[in-house]
Structures are given as structure tokens and as C-alpha cells.
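First comes the structure, then the notes that go with it.
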Amino acid sequence: MTDQAESSPEELAARIAQDNLELHRRYLAATEHAATLNSATGAVLTDLRSGLLRSATGAVLRTAGVPTLDLVQAIQHRIVRGAWRDGLPFGGLESDSELTQAFAQVTKAWQDAIRSAEEAVISTRQDIDQGIRSCIRRMCRLRDDDDTSLPASFLPQEDYIGESLAKSMANGHGHLPAPRWLLELDVLPGHTSEILPRIDFGERSVVLVADEHDLTYRNAVQNVQALVVDQISRSAPSRLRISWLDPLEHGHSAGPLIDLLELNSQALDGVVWSDTADIDAALHRISDRMTELEQRCLRGAFDSLDAYNRETRESPEANQVVVVTGYPFGFTESAARLLRRITENGPRLGVSAVIAMHPAMASLFQLADTTPPYYATLRDGTRSDEVPAWWTPSMLPQGDYVIGHSRKPYTCLRTPRTRESIWVPCRFRRPDSASAQRIVHAYARASVELAQGGSSARSLFERRADPAMRVPALRSAMLRWLHTGDTDQRSTTTWAGFISSGATHLNGAPYSEAEVRRQATYLHQQDYIRAADQDGWTSPRLTAKGMDAALKGEHTLSDFIENTGRLTPMSTESTNTYIGPVFHGDVTGAQLSWLTHSAHQNQKTVKEVAPGFESLADAVATVVAQLPQTGMTADDLTDARASADEILSEVVTPQPDRSRIRRALAALRGFLLPIAQQAATGTGEGVHDLAKAALDQLQSVTF
């Protein structure tokens with residue numbers, strides 16, 4: 001047994017399982033060898049003491065490793081002298097010292113072989129005991145107890161800790177994915193207190209093969225709930241998407257997770273899907289999001305979504321878990337194939353599945369006991385008549401399978417040296433109902449609060465310093481302060497009273513006096529307030545315009561820009577359009593028009609939009625004009641414009657390439673989606689609303 005340091009509990013478990021199995025195989029071989037020799041010793045000694053070497057005795061001696069060369073040569077010498085009769089002892093051993101000595105040597109060697117075989121049994125048994133003690137010492141370094149070397153955040157939680165983890169990440173630790181405690185590996189059967197966890201970071205799929213004997217369907221569903229609750233317990237607010245597909249029980253399998261529908265429906269995809277058409281649609285949405293993540297985030301520059309999230313300066317992308325209970329019942333053939341593809345390609349894109357199979361599928365998977373210590377091997381099973389006729393094994397989801405055997409669940413480990421599949425007993429950790437509810441409710445509450453203040457834990461902190469967020473929030477707060485106070489009393493004051501009030505912060509970051517002075521000047525210049533000086537500092541009072549703005553409540557930067565009168569569209573020479581837009585600028589240098597009554601343009605080349613693509617061109621042109629106001633980063637803004645340019649360049653060709661347009665349109669939507677989602681959760685931020693409106697416009701067009 002080696003004391004080599006393993007990089008993860010699962011690697012340690014695989015090494016221990018391999019070492020343990022090898023030790024038991026050696027012990028079994030030693031036991032069988034000793035039993036074989038002991039069973040033959042009577043006949044062998046009888047022959048040897050009688051001066052016989054029959055073929056059966058010779059075979060047993062060879063098995064024991066007893067050398068017989070001297071004895072065979074002594075017999076051959078007797079045969080050459082003509083003094084040997086086959087099958088009978090010749091003259092007794094006393095009459096031939098050479099033969100007597102040879103038989104005596106073989107007899108002693110046989111007795112030594114018997115003792116060695118028995119000592120090997122004892123030795124290998126001691127090796128097993130010593131090996132188990134060594135395994136336990138190695139396991140104690142990672143075991144779930146007070147002495148564990150695992151971080152506390154890796155261990156099963158009784159309360160929600162995702163928000164505190166997110167704050168730690170925001171303070172300089174990057175967008176690290178939260179660990180999941182998938183299950184516990186009983187890698188030393190018979191030593192039930194010694195377990196090792198299987199841990200991942202949201203990328204592995206788990207498939208539970210339920211039956212009605214060793215792993216019941218109800219038990220499997222409860223384990224599925226436990227896995228999802230565990231993942232929620234460490235997920236940063238709004239960093240986990242859950243799509244729950246339950247064709248058998250119409251949502252009952254979600255258990256405590258069903259509370260998310262009322263507390264934060266966005267976290268649970270709006271509803272638990274049960275109808276066949278809804279399941280198809282949900283899986284296609286997940287597949288489309290994976291395509292979007294591939295094109296918008298990874299773009300060939302990152303190996304995985306985790307790597308992207310670690311490097312991005314923007315809001316991190318959420319992990320997604322697809323929960324399926326009762327598979328494949330309620331699925332179509334295409335949906336089953338799509339789920340397979342999702343589990344194949346999901347790990348690098350932060351998408352995993354947790355699946356509880358229908359009991360009818362259990363007959364496909366059969367485990368059989370192997371040699372001690374009670375590991376198992378997988379055998380081919382038979383197909384049940386209840387399985388849908390269209391289903392084939394090629395549709396099996398990819399993932400870590402958990403199969404019932406001997407009244408307990410088993411899962412597979414791959415040995416590091418021999419790459420052998422060893423099925424070991426395992427078990428799941430289930431939080432009690434009170435803990436599960438606390439975790440679900442706390443996650444939902446934190447996500448809703450975060451949605452009101454930002455798109456992620458990190459962005460919640462970053463937006464404190466973001467002028468696009470701070471400026472409108474400060475202006476709104478200043479107008480509200482004037483509106484809710486005593487105007488007559490304020491007529492003799494300055495904004496110093498506002499600075500000392502509790503309204504002067506954004507997500508805990510206070511506004512400075514310099515910031516307030518700048519915005520006081522802006523509000524005065526734009527006729528939101530009147531003041532005794534040109535800086536808007538002394539004796540500020542609301543104008544009618546300011547009163548309307550104060551009554552409106554929260555504002556965005558675009559709201560203030562819209563009311564300044566300073567934002568005017570770019571003008572060209574005598575450009576009039578009545579039915580469709582005219583584009584100037586980046587669209588590969590072209591100007592476009594269609595069905596315009598008058599279009600006087602600065603360039604000589606005017607390309608008409610292909611029939612049937614007018615609404616698409618109109619929508620993309622509108623979105624392009626709005627992109628700078630959506631709060632995108634400079635890099636994303638450049639890439640989004642490039643996608644728009646690709647669409648607009650294609651729609652003016654005689655036969656636009658629809659596939660190219662769809663790809664570019666998906667990319668453009670991808671840039672808007674993270675911002676738009678905040679509007680869906682009710683943040684009220686104008687940039688989010690603007691992105692949502694743009695996204696809705698793109699999604700509504702047909703071509």
C-alpha cells in the first residue's frame with residue numbers, strides 16, 4: 001500500500017479500492033493454494049513414503065513448487081540398470097541409498113511447501129489488516145470529521161452559505177465554482193465509519209438506476225432532491241439554474257424545491273415541466289443556452305465555463321442543473337437523444353444532469369459480486385417490455401451511474417493503474433426537512449435581493465464604483481430627498497443635510513460630497529431643481545419637472561438622458577424614411593434602404609434589403625442604436641456590433657444565408673441575455689429593461 005498523496009478524495013478512494021482489492025485477491029489466491037495442498041497432502045505423503053511417484057502426485061508437487069529433478073534422475077538410473085519395475089516399489093527405500101535420499105528430499109520439500117502456503121495465508125491476512133489501517137490513516141486526512149483537511153465549504157451544510165462564499169469571491173478570489181457533495185464512497189466495506197466523498201464543482205451528471213428492491217424509486221427521488229439542495233446550499237445568489245422535468249408525478253418529485261416557484265420562480269425555470277411538449281421545449285432551451293455559452297463566452301479561448309468565469313470581468317455565468325425523474329417515460333425519442341447530448345457536452349459548459357430512472361430501466365443494469373471485499377462488477381442485463389419501443393442504449397445519458405445491489409446503492413470507481421471498473425457501495429447525505437427548507441428559502445431570498453441590486457455577487461460589489469449605476473441612483477435619491485422633506489425649511493439649506501442622511505450610499509458604498517456637488521449642478525442645469533446659485537448647491541427646490549421625476553421613483557441613466565434634450569440622432573444629408581430604416585456606417589461600408597419614398601444618402605451605393613427580411617433588419621438596426629446604453633463592456637459592445645453587422649450585411653444580398661443569420665442573431669442575443677435577465681427578476685434598472693426590450697424585439701422577428 002502506498003502513502004502517495006492524492007489530489008482529491010475520489011482519487012484516494014480509487015487507489016484504496018484498487019489496493020484493497022489486490023490485497024484480497026492475494027489473500028484469496030493464498031487461501032485457495034493452501035487448501036489445494038492440504039487436500040492432497042495425505043495422498044502425496046503416502047506415495048512418497050512408499051517409494052512411488054505417480055503422475056497425479058507429480059502434478060501436485062509441481063503445483064506446490066517442489067523440485068523433483070533429483071528424484072526423477074535417481075529413478076532413471078534404476079531404469080538404466082534394469083532394476084526398476086513400473087508401478088511397484090523396488091526392494092524398499094532402504095536397499096538404495098540414492099533413491100532413498102531423493103524421496104526423503106522431496107518429502108521434506110513438500111512439508112515445507114505446506115508450511116509456506118499456510119504462512120502465506122497468515123501473511124496476506126496481516127497485509128490486509130495493515131493495509132486497512134494505512135487506508136484509514138490516509139482517509140482521516142480527508143474524512144468528514146473534525147480532523148478533515150477539506151475546507152468547511154466542501155462539507156454538507158445545514159444552512160445556506162452561498163452568499164458568504166460569493167462575498168469572499170468578490171473580495172479577490174475570482175469566480176470559483178461552488179463544490180458539490182455528490183455522495184459518499186464506502187470504499188472499505190465492513191468499516192462503515194470510514195467513508196470518502198465524491199465531490200465535483202457542478203460539472204458531473206449523476207444517474208440513479210432505481211428498482212423496487214435495492215434502490216427504490218422513492219429513495220432515488222429523495223436522493224435527487226438531496227443532491228440539488230446540497231448544490232443550492234453553496235451556490236452564489238442567482239448563480240444556479242434548475243430545470244426540473246417530472247413526467248411521472250407532475251412536480252411532486254421536486255419536494256422542498258417546489259418552494260422556489262413561489263419564492264424565486266426564475267431559479268426553477270418557472271415551473272416543473274411534465275408534459276411531453278414542455279419537456280422537449282425545456283431541453284431545447286438548455287441546448288440553445290449551451291450553444292450561446294460556447295459562442296459568446298468560450299469562443300475557442302477558454303476550455304470551460306469555469307475558466308471563463310475565473311477570467312471574466314463581467315458577471316459570471318450561472319451553472320445549470322437539469323433534473324429528470326422517471327426517465328425515459330414522458331420523453332420523445334428526440335428528447336432522449338437531446339438529453340444524451342446535453343450530458344455529453346454539458347461538463348465544460350457548467351451544465352449537469354441529475355436523473356432518476358424509471359424502475360423499468362433497472363433490468364438493463366445488473367451487478368454481480370466479485371471477490372472480497374464485497375465490490376461488484378457490471379453485467380449485461382435484459383430489456384424490459386415496459387421500456388418505450390423507440391429507446392435504445394445509445395440514448396443512455398452520460399454520467400456517474402448509481403445502481404442498487406445487495407440492498408444498497410453502488411457506484412463505479414476507475415482504478416488508476418489498471419483502469420479497472422470497481423463498483424463500490426455508496427450512500428447519499430440527505431439534509432433533514434427543516435435544513436432543506438432553510439437552504440432553499442435563504443437561497444431564494446438572497447437571489448431576489450441580489451436581483452434588486454445587481455446580477456451577481458461580484459457585480460453587486462463592482463457596481464458600487466460603476467458610474468452608470470451610481471449616477472442615476474444618486475440623482476434619484478437627491479430628488480426623493482427634496483420631495484419627502486419640508487420644502488420651506490430646505491429653502492435655506494444646502495445639500496449637506498442630504499449627505500448626512502441615510503440615503504447617501506449605493507449597496508453600502510457612500511457617495512462623496514464631490515459626487516453630490518456634481519449631480520446638484522447637473523440637476524440644476526437640466527431644470528430638475530432651482531437653487532440660489534449656479535452650482536445648484538444652496539437652497540435647492542424641485543421644479544415641476546423635478547417633482548414628476550421624484551414621483552416616478554427609480555431612474556436609469558437613459559431616463560435622464562432622454563429628458564435632457566441633448567441626445568439627438570446622428571444626422572445625414574436629407575435622409576427621409578417612411579417605411580424602413582436607412583443605415584450609414586459600420587455595415588461593411590454599405591447604406592441600406594427599402595421601400596423608402598425618399599432616401600438621399602451620402603454614398604452612391606444603396607442596397608435594398610431582401611424581401612422577407614425587412615422586420616429583421618429594422619429590429620437589428622434599432623438594437624444597434626441602443627447597444628451603447630445597455631451597460632455592456634467595450635469588448636462585448638464591439639463583438640455585439642460585429643454580430644449585428646454580419647446580419648445587416650447578409651440581409652442585403654440577393655439570397656441571404658439564413659444559417660449565417662441565425663448564428664449571428666444567436667450571438668447578438670447572447671450579449672443581451674445576461675443583462676435582460678435582471679429585468680425579468682424585477683430589478684427595475686433601466687439598462688436591464690432596455691436590454692430586455694431589445695432581446696424581446698430580436699426574438700419576435702421572423703424571416
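Throughout, residue positions are numbered sequentially from 1 according to the sequence presented. All values reported here derive from a predicted model rather than from experimental measurement.
Between Arg26 and Asp127, at least one side-chain N (NZ, or NE/NH1/NH2) sits under 4.0 Å from a carboxylate O, which counts as a salt bridge. Between Glu333 and Arg337 there is a salt bridge, since at least one side-chain N of the basic residue sits less than 4.0 Å from a carboxylate O of the acidic one. The pair Glu294-Arg289 does not count as a salt bridge, with every side-chain nitrogen at least 4.0 angstrom from each carboxylate oxygen. Using a 4.0 Å cut-off between a side-chain N of Lys or Arg and a carboxylate O of Asp or Glu, Glu344 and Arg340 qualify as a salt bridge. Looking at Arg25 and Glu420, a side-chain N of the basic residue comes within less than 4.0 Å of a carboxylate O on the acidic one, giving a salt bridge. The pair Arg198-Asp400 counts as a salt bridge, with a side-chain nitrogen and a carboxylate oxygen less than 4.0 angstrom apart. The existence of a salt bridge linking Asp129 and Arg125 is confirmed by a sub-4.0 Å separation between a basic side-chain nitrogen and an acidic carboxylate oxygen. In this structure, Glu11 does not pair ionically with Arg414, as no charged nitrogen and carboxylate oxygen lie closer than 4.0 Å. Ion pairing of Arg239 with Glu317 is absent here, as no side-chain N (NZ or NE/NH1/NH2) approaches a carboxylate O to less than 4.0 Å. A salt bridge links Arg417 to Glu22: at least one charged side-chain nitrogen sits closer than 4.0 Å to a carboxylate oxygen. The existence of a salt bridge linking Asp112 and Lys108 is confirmed by a sub-4.0 Å separation between a basic side-chain nitrogen and an acidic carboxylate oxygen.
If you look at Phe154 and Phe201, their ring centroids are closer than 6.0 Å.
The nearest pair of heavy atoms linking Ala34 to Val121 is CB-CG2, 3.8 Å. When all heavy atoms of Trp110 and Ala64 are compared, the pair lying nearest together is CZ3-CB, 3.7 Å. Closest non-hydrogen pair, Ala30 versus Thr124, comes out as CB-OG1, 4.0 Å. Between Ser287 and Ile342, the shortest heavy-atom contact is N-CD1, 4.5 Å. Between Ile439 and Gln157, the shortest heavy-atom distance links the atoms CD1-O, 3.6 Å. Taking all atoms of both residues into account, the shortest heavy-atom contact from Ile199 to Pro9 is CD1-CG, 4.3 Å.
At most 12 non-hydrogen atoms from other residues, nucleotides or ligands lie less than 6.0 angstrom from CD of Glu158. The 12-atom threshold is not exceeded at CG of Asp385, counting heavy atoms of other residues, nucleotides or ligands nearer than 6.0 Å. Within a 6.0 Å sphere centred on CZ of Arg383, other residues, nucleotides and ligands contribute more than 12 heavy atoms.
Counting only heavy atoms from C-beta outward, the side chains of Thr325 and Leu248 never approach each other to under 4.5 Å. A heavy-atom distance below 4.5 Å is found between the side chains of Ser235 and Tyr443. Within the 4.5 Å cutoff, the side chain of Ser384 has no heavy atoms near those of the Met361 side chain. Residues Pro328 and Trp390 meet the side-chain proximity criterion, which asks for heavy atoms closer than 4.5 Å. Looking at Asp246 and Glu249, their side chains come closer than 4.5 Å, going by heavy atoms from C-beta outward. Under the 4.5 Å side-chain criterion, counting only non-hydrogen atoms from C-beta, His24 is not in contact with Leu28. Residues Cys412 and Ile422 are not in side-chain contact: their nearest non-hydrogen atoms beyond the backbone lie 4.5 Å or more apart. In this structure, Gln231 and Leu240 have side chains that are in contact, with non-hydrogen atoms separated by less than 4.5 Å.
Between the side chain of Thr216 and the main chain of Glu212, no donor-acceptor pair closer than 3.5 Å is present. Judged by distance alone, with hydrogens and angles left aside, the side-chain atoms of Ser205 form a donor-acceptor pair with the main-chain N or O of Ala353 at under 3.5 Å. In this structure, the side chain of Thr41 does not engage the main chain of Leu37 through any donor-acceptor pair within 3.5 Å. In this structure, Gln295 contributes its side chain and Leu293 its backbone to no donor-acceptor pair below 3.5 Å. When atom types are taken as modelled, the side chain of Asn345 and the backbone of Arg341 share a donor-acceptor pair closer than 3.5 angstrom. For Ser304 (side chain) and Arg348 (main-chain N/O), no donor-acceptor pair under 3.5 Å exists by modelled atom type. Checked by atom type and distance alone, the side chain of Thr31 pairs as donor or acceptor with a backbone atom of Tyr27 at under 3.5 Å. In this structure a side-chain-to-backbone donor-acceptor pair under 3.5 Å is present from Thr332 to Ala335. Ser435 places no side-chain N or O within 3.5 Å of a backbone atom of Pro431 that could act as its donor or acceptor partner. The backbone N or O of Asp230 lies less than 3.5 Å from a partner atom in the side chain of Ser233, making a donor-acceptor pair.
Rounding to the nearest 0.5 Å gives a distance of 14.0 Å between OG1 of Thr415 and CD1 of Ile16. Leu182 CG to Arg204 CZ: the interatomic distance, rounded to the nearest 0.5 Å, is 6.5 Å. Here the CG-CG distance, from Leu227 to Asn223, works out to 7.0 Å after rounding to the nearest 0.5 Å. Phe428 contributes atom CZ, which lies 10.0 Å from atom CD of Glu184 (distance to the nearest 0.5 angstrom). Annotation: the span from Leu48 atom CG to Leu61 atom CG amounts to 6.0 Å, rounded to 0.5 Å. Residue Arg15 holds its CZ atom at 13.0 Å from CG of Leu196, rounded to the nearest 0.5 Å.
Ring geometry, His358 versus Tyr217: the interplanar angle falls from 30° to 60°, so the pair is classed tilted.
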Working for side-chain contact (heavy atoms from CB on, under 4.5 Å), residues Leu349 and Leu298: CA-CA 9 Å; Leu349 295 166; Leu298 272 56; 3.7 Å; yes
Residue pair Tyr327, Trp391: steps toward the side-chain hydrogen bond (donor to acceptor under 3.5 Å, both in side chains) verdict: CA-CA 11 Å; Tyr327 174 88; Trp391 191 88; 3.0 Å; yes
CA sep, side-chain torsions, deciding dist, call: Arg180, Glu203, salt bridge (charged side-chain N to carboxylate O under 4.0 Å, His left out): CA-CA 9 Å; Arg180 292 192 304 184; Glu203 74 277 9; 5.9 Å; no
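Tyr401 pairs in a side-chain contact (heavy atoms from CB on, under 4.5 Å) with only one of the listed residues (Val206, Leu396, Leu378), which is Leu396. Each of Val324, Val323, Val354 was scored for a side-chain contact (heavy atoms from CB on, under 4.5 Å) with Trp244, with one residue passing: Val323.
Side-chain N/O atoms of Tyr375 and Asp369 include no donor and acceptor closer than 3.5 Å.
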